[in-house]
S.K.: 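Below are the structure tokens for one structure; questions will follow.
Numbering of residues begins at 1 and proceeds along the displayed sequence. Keep in mind that what you see is a predicted model, and the values were worked out from it rather than measured.
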Amino acid sequence: MMGSFGGGGWQLMRSFRRDESVTSQHLSKGLLRRIVRFAAPYRRMLLVFLVMIIVDAAIGAANPLIYRAIIDDGILPKRTGFVVELAVLLAALALLDAGLSLAERWISARVGEGLIFDMRTQVFEHFQRMPIAFFTRTQTGALVSRLNNDVLDAQSAFTNTLSSVVGNAISVAVTLLAMFVLSWQITLLALVLFPIFVFPARWVGRRIQAITRESYNLNAKMTSTMTERFNVAGALLVRLFGQPLREIRSFEEKAGRVRDIGVTQAMYTTVFMASLLLTASLATALVYGWGGVLAIQGGLQVGTVVALTAYLNRLYGPLTSLSNVQVNVMTALVSFDRIFEVLDLKPLVAEKPGAVEVPRGPATVEFDHVDFRYPTAEEVSLASLESVAVLDQAPSQQVLFDVTFTARPGDLVALVGPSGAGKTTISHLVPRLYDVRAGAIRVNGVDLRDATLESLRRTIGVVTQDAHLFHDTIRANLLYAKPDATDAELADALRAAQIMPLVESLPDGLETVVGDRGYRLSGGEKQRLAIARLLLKAPDIVVLDEATAHLDSESEVALQHALRSALAGRTSIVIAHRLSTIREADQILVVNAGRIVERGTHVELLAVDGLYAELYRTQFAAQAGDGPAPDALGPDAPARDDLEPDELRAAS
């Protein structure tokens with residue numbers, strides 16, 4: 001009996017652990033049609049899959065009848081040849097059943113993994129086309145969950161749920177029909193016993209659902225804690241504030257609760273399985289008892305009693321599974337709905353049909369009466385991705401007003417102004433991370449909204465203040481800009497970025513892994529690697545947040561040389577932190593409260609004695625004698641320089 005119910009029982013257990021509240025969720029209109037269209041490439045395989053399930057269920061239902069014939073028409077009449085023939089038939093059906101099981105599993109895996117691939121690639125591709133505002137609002141864990149958990153639950157609709165519903169429905173129907181034909185009295189007795197198991201199973205299921213939800217929440221909190229504490233910035237903060245014991249106690253508390261929940265789940269699971277086996281055993285005992293008495297009295301044949309007992313093994317598991325089918329189906333449908341919800345979120349920055357290439361070569365950047373506000377939460381996000389009940393309904397405030405300027409080929413345009421003035425926003429609009437709300441931005445006469453995104457990426461290069469590096473080798477981080485770059489090209493870029501001596505001093509050279517976010521490098525080294533990556537890309541336009549504040553003097557000098565290489569001969573828009581950069585600028589734009597309030601050269605703006613002159617006296621004057629560079633005009637956090645090259649060499 002254990003063998004008959006063991007595997008199916010554990011599958012039932014997983015089914016009853018699912019949250020019943022999913023059945024009350026509202027599904028999007030037309031969801032089923034979309035699911036059918038999504039699965040259309042696999043319709044032939046799914047049809048073959050269903051046919052195999054039906055044949056498999058029929059074979060299973062035929063076996064007890066063969067047992068009955070062997071006993072009643074073979075063993076009792078002592079017909080040896082007939083018994084051998086039926087035994088061979090049983091063996092043939094067993095081989096066919098095994099072959100069908102293998103074929104079903106292959107098709108199930110092929111369809112399931114194919115659907116996972118299709119859904120994951122579509123969702124990942126969609127995420128790649130979403131604006132930066134989407135990622136600033138949503139939780140990374142929620143995005144990963146859509147790619148993993150929801151995709152897997154949706155895939156199960158076409159494999160586990162489909163095969164379970166169809167197979168169990170056919171199995172129950174055929175089994176009940178055969179049992180009623182053999183003995184309607186014993187069949188009714190078996191059905192009367194069924195609630196004895198189902199109602200306790202539902203009670204256990206609700207208890208398990210509650211503790212499973214708590215377990216998921218606690219595991220999510222532990223994962224969040226580990227993610228935050230295991231990256232370099234989090235680990236550094238814990239050590240600097242001297243709280244490792246507190247962190248350990250907090251983690252032990254969460255892990256201890258997960259342990260206790262695990263013990264409780266194990267006991268509930270045992271109760272569930274024991275109830276299933278006990279019910280089946282009681283039913284078997286009653287069938288053998290009552291059926292045996294009837295057989296002795298001549299009311300039933302012995303083979304019929306054996307067949308009825310065999311059918312019991314095929315009845316309770318499928319019947320119980322069907323009793324919870326609504327939860328299983330709705331779980332899969334809700335997962336599909338959550339995936340389509342993301343796919344229906346339209347990217348704000350999209351390439352229009354018939355977009356044109358931005359011509360390469362000396363570039364002109366033109367801002368023509370540009371107004372801009374950042375998108376609202378409703379425009380770029382979903383409440384479920386931000387883990388809130390309702391999205392922030394606050395309207396977005398306008399941050400740029402009538403911004404007009406032109407950067408001609410080879411010009412260096414410096415943006416200066418107080419914190420929050422709008423400098424970074426202007427720098428984000430040039431590579432079209434956002435679209436303007438009014439006016440236009442043109443590159444070589446082409447409106448960014450009319451240009452192909454690929455040509456924009458080729459034409460424009462950006463180095464942010466906090467240069468990001470992947471947890472990979474120096475070579476891989478450089479090749480991200482130009483995958484087909486030769487070693488000679490890599491070396492030229494590294495020399496121009498003033499970082500080649502460091503790379504040559506490392507034991508693994510270009511194969512050195514830079515660590516999470518490049519934390520094994522100092523701030524200045526990260527910036528120079530980012531500039532080397534920019535030089536490999538060789539863009540016509542450079543947008544740069546000149547992050548030289550708080551670097552040591554050696555790193556700052558090296559970075560300044562690297563910047564000259566990066567900007568030479570290119571149209572450059574720089575958020576300036578250094579007086580030397582401002583003095584070299586062909587045009588200085590003074591930004592305040594989202595408007596360009598002054599423009600001109602360094603000398604011209606000092607003569608006006610306006611906001612620029614005030615900023616110069618309060619923030620730039622100390623740099624006039626090449627002294628230390630204070631934090632300049634911007635809210636951004638300064639670049640790090642807390643790891644020395646010697647530490648990186650030692651760690652390698």
S.K.: Answer yes when Asp447 and Lys352 have at least one side-chain N-carboxylate O distance shorter than 4.0 Å, and no when they do not.
M.R.: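 Judged by the 4.0 Å cut-off on N to carboxylate O distance, Asp447 and Lys352 do not form a salt bridge.
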
S.K.: Could you measure the distance from the OG1 atom of Thr121 to the CD1 atom of Ile116? Nearest 0.5 Å is fine.
M.R.: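 So the gap between those two atoms works out to 11.5 Å.
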
S.K.: Would you indicate whether Arg129, at its atom CZ, is surrounded by more than 12 heavy atoms from other residues, nucleotides or ligands within a distance under 6.0 Å?
M.R.: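 Yes.
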
S.K.: Give a yes or no on whether the backbone of Ala481 and the side-chain of Arg533 come within a donor-acceptor separation of less than 3.5 Å.
M.R.: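 Pair absent, no side-chain N/O of Arg533 close to backbone of Ala481.
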
S.K.: Can you confirm whether Leu469 sits close enough to Leu521 that some side-chain heavy atom of one is under 4.5 Å from a side-chain heavy atom of the other?
M.R.: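 In short, these two side chains touch, coming nearer than 4.5 Å.
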
S.K.: Ignoring hydrogens and geometry, is there a side-chain-to-backbone donor-acceptor pair from Asp118 to Leu115 under 3.5 Å?
M.R.: no

S.K.: Considering all heavy atoms of both residues, which atom of Asp492 and which atom of Arg495 are nearest to each other, and what is their separation?
M.R.: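 Distance-wise, the nearest heavy atoms are OD1-NH2, 3.0 Å.
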
S.K.: Give me the ring orientation class for Tyr612 and Tyr616: parallel if the planes are under 30° apart, tilted from 30 to 60°, perpendicular past 60°.
M.R.: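 Parallel: the ring planes of Tyr612 and Tyr616 meet at under 30°.
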
S.K.: Compute both the distance and the angle, then confirm whether Arg34 meets the cation-pi test with Phe340: under 6.0 Å from the six-membered ring centre, within 45 degrees of the axis.
M.R.: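 Here Arg34 passes the 6.0 Å and 45° test against Phe340.
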
S.K.: Kindly give the heavy-atom pair with the smallest separation between Arg475 and Glu511, and that separation in Å.
M.R.: NE-OE2, 2.6 Å

S.K.: Distance-only, no hydrogens or angles: does the Gln122 side chain make a donor-acceptor pair with backbone N or O of Met119 under 3.5 Å?
M.R.: no

S.K.: Can you find a pair of side-chain heavy atoms, one from Arg595 and one from Val403, that are under 4.5 Å apart?
M.R.: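 Side-chain contact under 4.5 Å: no.
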
S.K.: The test is side-chain hydrogen bond (donor to acceptor under 3.5 Å, both in side chains); show your working for Tyr374 and Thr425 and say whether it passes.
M.R.: CA-CA 9 Å; Tyr374 283 100; Thr425 301; 2.6 Å; yes

S.K.: Measuring from atom CD of Glu604 to atom CD of Glu598, what distance do you get when rounded to the nearest 0.5 angstrom?
M.R.: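 It is 11.5 Å, given to the nearest 0.5 Å.
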
S.K.: The criterion is salt bridge (charged side-chain N to carboxylate O under 4.0 Å, His left out); which residues satisfy it with Asp540, sequence neighbours excluded?
M.R.: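 Once residues adjacent in sequence are excluded, the partners of Asp540 under the salt bridge (charged side-chain N to carboxylate O under 4.0 Å, His left out) criterion are Arg360.
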
S.K.: Any chance you could measure Ile474, atom CD1, to Leu479, atom CG, to the nearest 0.5 Å?
M.R.: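 Result: 12.0 Å between the selected atoms.
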
S.K.: Work out which heavy atom in Gln527 is nearest to a heavy atom in Val463; give both atom names and the distance.
M.R.: OE1-CG1, 3.8 Å

S.K.: Calculate, to the nearest 0.5 Å, the distance between atoms CZ and OH belonging to Phe470 and Tyr480 respectively.
M.R.: 4.5 Å

S.K.: Are His369 and Phe367 an aromatic pair by the rule of ring centers under 6.0 Å?
M.R.: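 Judged by ring-centre distance (under 6.0 Å), His369 and Phe367 do not meet the cut-off.
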
S.K.: Do you know which of Leu453, Ile460, Ile441, Val443 makes side-chain contact (heavy atoms from CB on, under 4.5 Å) with Arg432?
M.R.: Leu453

S.K.: Are any of the side-chain heavy atoms of Ser505 and Met500 separated by less than 4.5 Å?
M.R.: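 No, their side chains stay 4.5 Å or more apart.
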
S.K.: Roughly how far, to the nearest 0.5 Å, is CG of Leu494 from CZ of Arg528?
M.R.: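 If I round to the nearest 0.5 Å, the distance is 11.0 Å.
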
S.K.: Taking the side chain from Thr364 and the backbone from Asn444, do they hold a donor-acceptor pair closer than 3.5 Å?
M.R.: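 No; zero donor-acceptor contacts below 3.5 Å.
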
S.K.: With side chains defined as the heavy atoms from C-beta onward, is the minimum distance between Arg442 and Val365 less than 4.5 Å?
M.R.: no

S.K.: Please name the residue in the list Val543, Thr464, Val462 that meets the side-chain contact (heavy atoms from CB on, under 4.5 Å) test with Ser427.
M.R.: Val543

S.K.: Less than 4.5 Å apart, side chain to side chain, heavy atoms only: is that true for Val514 and Thr473?
M.R.: no

S.K.: Using 4.0 Å as the upper bound for N to carboxylate O, is an ion pair formed by Arg458 and Glu357?
M.R.: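 Here Glu357 pairs with Arg458 in a salt bridge, since their nearest N and O are under 4.0 Å apart.
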
S.K.: Identify the two heavy atoms, one from Ile582 and one from Val416, that lie closest to each other, and give their separation to 0.1 Å.
M.R.: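 Result for this residue pair: CD1-CG1, 3.8 Å.
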
S.K.: Checking Thr571 side chain against Ala363 main chain: does a donor-acceptor pair fall under 3.5 Å?
M.R.: yes

S.K.: Please determine whether side-chain contact (heavy atoms from CB on, under 4.5 Å) holds for the pair Leu510 and Leu490, giving the CA-CA distance in whole Å, both sets of side-chain angles, and the decisive distance to 0.1 Å.
M.R.: CA-CA 9 Å; Leu510 285 170; Leu490 295 178; 4.1 Å; yes

S.K.: Does Lys423 reach the main-chain N or O of Pro418 with its side chain, forming a donor-acceptor pair under 3.5 Å?
M.R.: yes

S.K.: I would like to know whether Phe401 and Gln398 meet side-chain contact (heavy atoms from CB on, under 4.5 Å); could you show each step before the answer?
M.R.: CA-CA 7 Å; Phe401 303 84; Gln398 188 169 336; 3.1 Å; yes

S.K.: Looking at Ala355 and Thr452, what are the two nearest heavy atoms and their distance?
M.R.: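 Heavy atoms of Ala355 and Thr452 come nearest at O-CG2, 3.5 Å.
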
S.K.: Evaluate the criterion side-chain contact (heavy atoms from CB on, under 4.5 Å) for residue pair Val597 and Val591; output intermediate values, then yes/no.
M.R.: CA-CA 6 Å; Val597 295; Val591 186; over 6 Å; no

S.K.: Could you walk me through whether Val358 and Leu456 pass the side-chain contact (heavy atoms from CB on, under 4.5 Å) test, one step at a time?
M.R.: CA-CA 7 Å; Val358 175; Leu456 278 179; 4.0 Å; yes

S.K.: For Ala585, does its backbone N or O pair with a side-chain atom of His602 as donor and acceptor, under 3.5 Å?
M.R.: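 The answer is no, because no donor-acceptor pair under 3.5 Å joins these two groups.
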
S.K.: Do Ile575 and Leu544 have side-chain heavy atoms sitting under 4.5 Å apart?
M.R.: no

S.K.: Return the CG to CG distance between Leu611 and Leu615, rounded to the nearest 0.5 Å.
M.R.: 4.5 Å

S.K.: Does the Ser572 side chain pair with the main chain of Leu412, one donor and one acceptor, at a distance under 3.5 Å?
M.R.: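 Pair absent, no side-chain N/O of Ser572 close to backbone of Leu412.
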
S.K.: Taking the side chain as C-beta and beyond, is there a heavy-atom pair between Leu529 and Asn477 under 4.5 Å?
M.R.: no

S.K.: What is the minimum heavy-atom distance between Ala414 and Ala576, and which atoms define it?
M.R.: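 Here Ala414 and Ala576 meet closest at CB-CB, 4.0 Å.
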
S.K.: Looking at Asp609 and Arg617, does any basic side-chain N land under 4.0 Å from a carboxylate oxygen?
M.R.: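 Looking at Asp609 and Arg617, the cut-off is met.
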
S.K.: Check whether any side-chain heavy atom of Leu433 lies under 4.5 Å from a side-chain heavy atom of Val349, and answer yes or no.
M.R.: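 Sidechains of Val349 and Leu433: no contact.
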
S.K.: Apply the side-chain contact (heavy atoms from CB on, under 4.5 Å) test between Gln587 and each candidate in Thr601, Leu415, Val413, Ile573; give the one that qualifies.
M.R.: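 Among the candidates, only Val413 passes.
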
